[in-house]
Every structure is written in structure tokens, then in C-alpha cells.
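So that the names make sense, note that chain A is the first sequence line, chain B the second, and so on, each numbered from 1.
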Protein chains: 2
Amino acid sequence: MPVTIKDIAKRTGKSITTVSRALHGYNDVSPETRELIVRVANEMGYTPNLLAQRLQKQRTDTIGFILPTFGPRFSDPFFSEFLAGIGSSATKYGFDILVSTQPPGEKELEAYRKKVTGRQVDGFVLVRTRCHDPRIQYLRETRTPFVAFGRTEGEIDYPYVDEDGASGMRLVVEHLVRLGHQRIAYISPPLIFTFARDRLRGVQETLSDAGLTLPDMYLVYGDLTQRSGKVQAQALLDLFEPPTAIIAGNDLMAFGVMSAIQERGWKVGKDIAVAGFDDIPMSEATHPPLTTVHQPIYQIGSLVTEILIKIILGETPEQTQYLMKPRLIIRQSCGAQSDH
Amino acid sequence: MPVTIKDIAKRTGKSITTVSRALHGYNDVSPETRELIVRVANEMGYTPNLLAQRLQKQRTDTIGFILPTFGPRFSDPFFSEFLAGIGSSATKYGFDILVSTQPPGEKELEAYRKKVTGRQVDGFVLVRTRCHDPRIQYLRETRTPFVAFGRTEGEIDYPYVDEDGASGMRLVVEHLVRLGHQRIAYISPPLIFTFARDRLRGVQETLSDAGLTLPDMYLVYGDLTQRSGKVQAQALLDLFEPPTAIIAGNDLMAFGVMSAIQERGWKVGKDIAVAGFDDIPMSEATHPPLTTVHQPIYQIGSLVTEILIKIILGETPEQTQYLMKPRLIIRQSCGAQSDH
DNA sequence: ATTATAACCCAAAACGTTTTGGATGTCAAT
DNA sequence: ATTGACATCCAAAACGTTTTGGGTTATAAT
């Protein structure tokens, strides 16, 4: 039912070749013919069938993004913002985004493989990289273009954008130490994620530079959700000698920490300092506002996508590995400023 | 470079017709031939070229979802969860999701149009419906399958899933009235959204049933973000006669309300009651936990998608309009239970 | 010995594009 | 009158599938 190039050819009395060439601005079409064809195409409301176009061109102008969902109640503000960033670059270059959801595990690679060999996408944006990431290995082997948000361990060379989590944590810890804290606890995200190792390393190194340590009982693990931050914080507060400051590996868990503290009737920032990591928009509107490390997720999403598209288009981006320098955002949750 | 059906034909000495039919389980292929073809296909790592398949079948097995992004710092936990819901149904039926981002406005319809006439998607999932929604009008006119999360005003008949926001607010207001509140304020989302009108209506009607009113000074407007909830709450608290309870049109704004209250050193739930709407996962881990109306976003995303796919496949779903009955989740923010 | 039936196979068309490799006609220069 | 250059056009192949409408062979029934 929709109008094809063939319909235009019939209507104008020209060949389909000429129609195609006229519409694409080739110069072997006379001005009058071109004018006629363009007019008729508009009249008939022609839009090219992208499937056919892509089959012929052997390019899809689509980038893939597979959401690593963990369970049904999946709601990380991170992804909304990241996706918006991907979208902005994609739209700019006329690319589409093919999204699917897939929990890590057995079938994960299969999902990538199907999109690659089914020629549904020209490349992938990867997120939440893991220390030994099978996806990266697979995509490298098959020479599928991809750019990752995050690094892996080892010497593999591939395009990525990452924030320097170790330096970020250094800023946080130094700030807390400066405020006089000696007993600092850390709630780490699962160590399969590279960013979790970086951040943990940052915490440990900075503490030891300051002549302090991170004893085992002050190192606990959460799963990035607010709820797990709350649970872990409760355990920390139950200790015989509870910490005076708690750092969470991400903002969401930091929120949980704050509510655990408040439930006991203590004051965040005064009785116990709290800090997070990510600076999601919500962090400035909590009570008290959260001290955290800023991570420009939207910009990173946008940058990652831009690099990917350049690689797909065969341009060589001037730089393919970015390590962002983090910025500490001091708010009231660590007690540096007067708390209300 | 990737292996096609033609390669398999050459290798097995069969025709491409036979290869295709063997792989699709037609019964005019001998068992031995089929076994041979399947084996060779596996050996060579064949996966069909979906572009070609779709061009031929005139179906894309893809549903479209256009994120209505407002500005760069876009981070609504709603969408992560909704997208996960879409994903679960899509995967179940072997459908893909084509996502793009587009702020409402001039070019919005164009984005939909391009995907429809470019035959990139078989249908759309719509979200954040507005009272007079040009998207719905367009999709109806072009007979493009779609299912919406949310209703519009007027008598237009189309498939949707929605939660009964008016009843939801009735539950909230009744609960607050029962607790003795007389001065109740409401922070409404922008009234271009149908759900905002429903919720406002629910608040007003229930108040008037209880012999109360919602005076103009107690009705303010926010843009769904936590920050705007905070700003609006501050204004309400500055009133000569501030409300004793504040209802926010969504949870995110309710969080902002709570931190505005806490910044003044008041106690949420004791000095002022707060309630939200949505029951996003974070709501149970705030301090105090938020009283709110549950909205099963993941399930709604999944249901909407399932209906859409059935329509696309030509099956007639037994029901195409769902109005969910809301459920009130009572937590400490409204003071019903003892606050810590 | 013919015919009918069943089992198995395949050539060719189709989906809607783009690109290749000419074909045709005109005009100017020789 | 021939040649060359240029402008304008188009048929056919190609991208990788599925489907249509047969064809061939072997076996069973007459």
C-alpha cells in the first residue's frame, strides 16, 4: 500500500533508476526531470523503505544497546539518562537505536550474536563492563564495532570512555579525612564490575596514604540498589564500633545509607557522614543533599555513541579512549557545611 | 562475509529453496536432507539476514518506542522500569524494540511518521499521553497499530492500559482526611498530561465529598522532577497558613517535598504529612518511607507490549482497554504509623 | 501397461532499493 | 561526414530471503 519508487517511475514515465538518481542528487538527471520527480514524490508522500535500502547498502544505520536488567523491578535512573545521551548523538547522525533487555548470563552473548550476524546493527554501545567481559572478547573477535562505557582488566585495547573511579574515591576519602574522620566504611558494588574495583582501590589506597586502613568489617557489599545500601548500613551501624563515615559505591546505595541512619534518629552529616558516587540528579534534592562524585552520564552516553558512529562510518576518531577526571560535589551529607 | 543461505546451498549441493524450507520445518524435505542442511548450517554458523527476511515478509517484528525527553538531564526511573517491561514481552515474542528520543513539539510527529512509512516498525508503544494527543490521531489515521499507556480526553476509541488515577488519589485523600487533616495541598504535574487531570480531579472530588476544598493557594504545579517538588513545597511552607499535608502528583516530587520539610527542621509524618504517587522502588527506602499509590509500571509496560504484539500478529486480544485499580501503600511519611 | 498418489526437490518471482555499465541523442570541432 | 564530448537516460544485476507453482521419481493401484 505505501508508495514505492516504482510507483513514482510509473507516474512520471521515467525509469526507476532515474527516479532513484534524481532523488539522490546525481548530476546525470536533467533539471526538469528532477524537478518533476521530486514534486511527484512529495505529492505521493514517498518515503524510502529503509529495509530495502539497508539490504542493498549493507549498512543498517542502527546501533545496538542491550540493557543488563537484573530482575523485574529494574529501575536505575542511570539508564534513562544514558539512553537519552545515546539518543542525542544517534539522532544527530540519523542513526537508530535498537534496544533489548537481557540479564547477564548464558544467553547474553547469544543476544549480541543474533544482532550481529542477523545484520540488525552496525555496532554496539556497551555498558557496565566487567573485569573479564565476554562481550568485549566476542565483539573483538568478530570485528564488530563497539565502544564501551568502562574498562576491563588486562591489556586489551579497545575504544572506551570511562571515569577515573579511583581518583574520584581519592577525592572523597581525602575530604573525609580532612574533616577528621578515622573510621571510614565503604559499601562496594559487586566486584565483577571493573568500576567497582577501581573505586575500591581508590578508597584503599587513599586511606593507606593517610595512614589509615579499611578493615574487613568496614568493607561490605551491596548490589547497587537503595535497599541494599540500607541493609548494609544497618549492619555497619550495629557494629560495636560503628564507622563515623560511610561511603557508598553509588548514589542509590548512599540514599539507603541515609535512611538507615535517620531511622535510628541520628543526623546525617552531623552524627555520621555519608558520601556517594555518580551525582544523579536526585542527589541534590535529598535531605540532606548528598556529597558525591559527579559523573556526566548524559555526556558520556553521547560521547560513546559519537565515537561509535565515527568508527562505523570509517572515519578515524582522533581519540578513542577517554578517561574523565572526576569532580567532587560537596554537599551537606558529609557535614562539611552547616547542617540544618 | 557472513554466511548466507546460498553458501549452504552450494555446500550441500541443494537448492536455496530446499535449504530455506528445510530450515523452516516444511514437510516436503526428506529427513536425511534436512539433517544434512541443518548440520551444515550449524557448522557454518548461519543466522538469517533479518533485513532480507523482513523485506520479503513485509513485517519487521519490531516495535517502536519514542522517549519523550525533556532537556538533557533526563532521568526518570519510570522509564528504566517501563522499558524493562516492554523488553520482557518483546523478547518473549521475538520482537525487537526500536527506541529513539524526541522532545514533544514540532518534529515529534515527523519522528513517528518516518518510522511508519520507512517500514521500520510494525507498531508503537505510546507513553505519557496528553489530553489531545496528536500522536494518537496520526497513528489512527494511518492505521498503524499502537497501544498507549494512558488515556486521552474525548470519545476516541483505542487500545490502552491505564491506572485509575482519580481512584488512586481518592484513596490518598480519604486516608489523610481520616487522619484528621483539613488543610491539604496538592502539587500537580502539568495538566497537558491526561493522568495529571485525572489525579487532580480525584483530589478535588474527594475533598469536596469530605466537605473540604482545595483552595487556589494549595494547588501548585511542578514538572515531575524532585527539584520542582522541593521548590513548590518551599512556597507552600512559606504560606501564612501552611498545609498540614502535602500530596505530590508523583513520587519524585514527593521526595523533593520531604527534603524541603526536613530542611526546615520539621519532621515528615509528624509535623507535616506527605504522600506521593507511583510507588517507584525508591519510595520504600527513603526516610521516612513514602506513603504512595502503587503503579505496577513493569507489568503495565509488559501488558501494553503484549497487546500490541497480538494486534500486530492479527490476533484479536480478548480485551484492549485496561483500567487498573490502584492500591494505597501506607508508610510512615503520612504519620499513620509511629515515626522514628 | 497405464494411472494415481506421495515424496521430494527446485527455478523463478518477489520484496524495494542502489549501482553498474552502457545506450542514445545532440552539438561542436575537425 | 566523421569524431569526440557531453548530457540524459535506462535495463539489469545485486542485496538475502520466502513463496509460488510447478517438475521428477518411485511406489502402489488399476
Side-chain angles (χ1 to χ4, degrees), chain A residues 1-38 40-41 44-62 94 96 114-122, chain B residues 1-38 40-41 44-62 94 96 114-122:
Chain A
M1 191 58 76
V3 23
T4 74
I5 222 172
K6 213 184 286 181
D7 300 325
I8 300 177
K10 203 167 293 170
R11 183 81 145 257
T12 56
K14 303 294 176 180
S15 75
I16 61 174
T17 308
T18 305
V19 172
S20 172
R21 314 209 99 212
L23 293 175
H24 283 81
Y26 283 71
N27 66 355
D28 60 353
V29 180
S30 77
E32 305 85 55
T33 311
R34 180 190 313 276
E35 195 273 337
L36 170 69
I37 288 175
V38 169
V40 170
M44 302 179 74
Y46 170 75
T47 13
N49 182 323
L50 291 173
L51 285 177
Q53 228 167 26
R54 288 166 176 182
L55 176 60
Q56 152 69 29
K57 288 207 163 169
Q58 297 288 79
R59 263 252 323 279
T60 65
D61 289 346
T62 303
D96 291 315
K114 224 183 103 192
K115 299 227 181 308
V116 172
T117 60
R119 270 126 299 177
Q120 285 193 84
V121 302
D122 293 331
Chain B
M1 192 58 77
V3 24
T4 75
I5 221 173
K6 213 183 285 180
D7 300 324
I8 301 178
K10 203 166 290 168
R11 183 82 145 256
T12 56
K14 302 296 176 180
S15 75
I16 61 174
T17 308
T18 304
V19 173
S20 172
R21 313 209 101 213
L23 293 175
H24 283 80
Y26 282 71
N27 66 355
D28 60 353
V29 180
S30 77
E32 305 85 57
T33 311
R34 181 190 313 276
E35 195 273 337
L36 170 69
I37 289 176
V38 169
V40 170
M44 302 179 73
Y46 169 75
T47 12
N49 182 322
L50 291 173
L51 285 176
Q53 229 167 25
R54 288 167 176 181
L55 177 60
Q56 151 68 28
K57 289 206 162 168
Q58 297 289 78
R59 264 251 322 281
T60 65
D61 288 346
T62 303
D96 291 316
K114 223 183 106 191
K115 299 226 182 312
V116 172
T117 60
R119 270 127 298 178
Q120 284 193 82
V121 302
D122 293 331

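For B/G45 against B/V3, the heavy-atom pair with the smallest separation is O-CG1, 3.7 Å.
As judged by a 4.0 angstrom heavy-atom cut-off over every strand, B/N49 is placed among residues touching the sugar-phosphate backbone only. When heavy atoms are screened at a 4.0 angstrom cut-off, B/R21 is found touching base atoms of the nucleic acid. Here A/T17 lies in heavy-atom contact (under 4.0 Å) with a base.
Recorded end-axis angle for the helix from C/dA1-D/dT30 to C/dT30-D/dA1 stands at 80°, based on five pairs per end and rounded to 10 degrees.
Proximity of a side-chain donor or acceptor of B/D122 to a complementary backbone N or O of B/T60 within less than 3.5 Å is detected. A/R119 places no side-chain N or O within donor-acceptor distance of the main-chain N or O of A/L55, the cut-off being under 3.5 Å.
You'll find that the side chain of B/K6 is closest to D/dC15, out of D/dC10, D/dC15, C/dT17. Listed nucleotides: D/dC10, C/dG16, C/dC8. Nearest to the side chain of A/D28: D/dC10. Here the side chain of B/S20 is nearest to one of C/dC9, D/dT19, D/dC9, namely D/dT19. Considering only the side chain of B/L55, C/dG16 comes nearest among C/dG16, C/dT19, D/dC10. Relative to the side chain of A/A52, the nucleotides D/dA11, C/dG16, D/dT17 differ in distance, and C/dG16 lies closest. Closest to the side chain of A/H24, from the set C/dT18, C/dC9, C/dC10, is C/dT18.
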- [ ] Any chance you could lay out the side-chain contact (heavy atoms from CB on, under 4.5 Å) test for B/T62 and B/R54, step after step, and finish with the verdict?
- [x] CA-CA 10 Å; B/T62 303; B/R54 288 167 176 181; 3.6 Å; yes

TODO: Carefully, step by step, assess A/T4 and A/N49 under the rule side-chain contact (heavy atoms from CB on, under 4.5 Å).
DONE: CA-CA 8 Å; A/T4 74; A/N49 182 323; over 6 Å; no

Open item on the list: The test is side-chain contact (heavy atoms from CB on, under 4.5 Å); show your working for B/R21 and B/K14 and say whether it passes.
Closed with: CA-CA 11 Å; B/R21 313 209 101 213; B/K14 302 296 176 180; over 6 Å; no

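Of the residues near DNA chain C, B/R119 and B/E32, the one whose nearest nucleotide (by heavy atom distance) lies more toward the 5' end is B/E32. Closest-nucleotide positions on DNA chain D for A/R34 and B/P48 were compared, and the one nearer the 5' end corresponds to A/R34. Closest-nucleotide positions on DNA chain C for B/N27 and A/T47 were compared, and the one nearer the 5' end corresponds to B/N27.
OP1 or OP2 of C/dC9 has at least one side-chain nitrogen or oxygen of B/S30 nearer than 4.0 Å. In this model, the phosphate group of C/dC8 is not approached by any side-chain N or O of B/T18 to a distance below 4.0 Å at OP1 or OP2. Close to C/dC10, at under 4.0 Å from its OP1 or OP2, lies a side-chain N or O of B/S15. Between A/K14 and D/dC9 there is a side-chain N or O to OP1 or OP2 distance below 4.0 Å.
Atom CG of A/L51 is separated from atom P of C/dG16 by 10 Å (rounded to the nearest Å). A straight line from CD of A/Q56 to P of D/dA12 spans 18 Å, rounded to a whole angstrom. In this structure, CD of A/Q58 is placed 10 Å from P of D/dT17, rounded to the nearest angstrom. The distance from atom CD of B/Q120 to atom P of C/dT17 is 13 Å, rounded to the nearest whole Å. One interatomic measurement links the two molecules: OH of B/Y26 to C1' of D/dG21, which rounds to 14 Å at whole-angstrom precision. Atom CD1 in B/I8 sits roughly 13 Å away from atom P in D/dG16 (whole-Å rounding). The distance between atom CD1 of A/I16 and atom P of D/dT8, rounded to the nearest whole Å, is 21 Å. Spacing between atom NZ of B/K57 and atom C1' of D/dT20 amounts to 16 Å, rounded to whole angstrom units.
In this structure, CG on B/L36 lies 5.5 Å from OG1 on B/T12, to the nearest 0.5 angstrom. In this structure, CD1 in A/I37 is found 6.5 Å from CG in A/L23, a value given to the nearest 0.5 Å.
By the neighbour-count criterion of 12 heavy atoms within 6.0 Å, atom CZ of B/R11 is sparsely surrounded, having that number or fewer from other residues, nucleotides or ligands.
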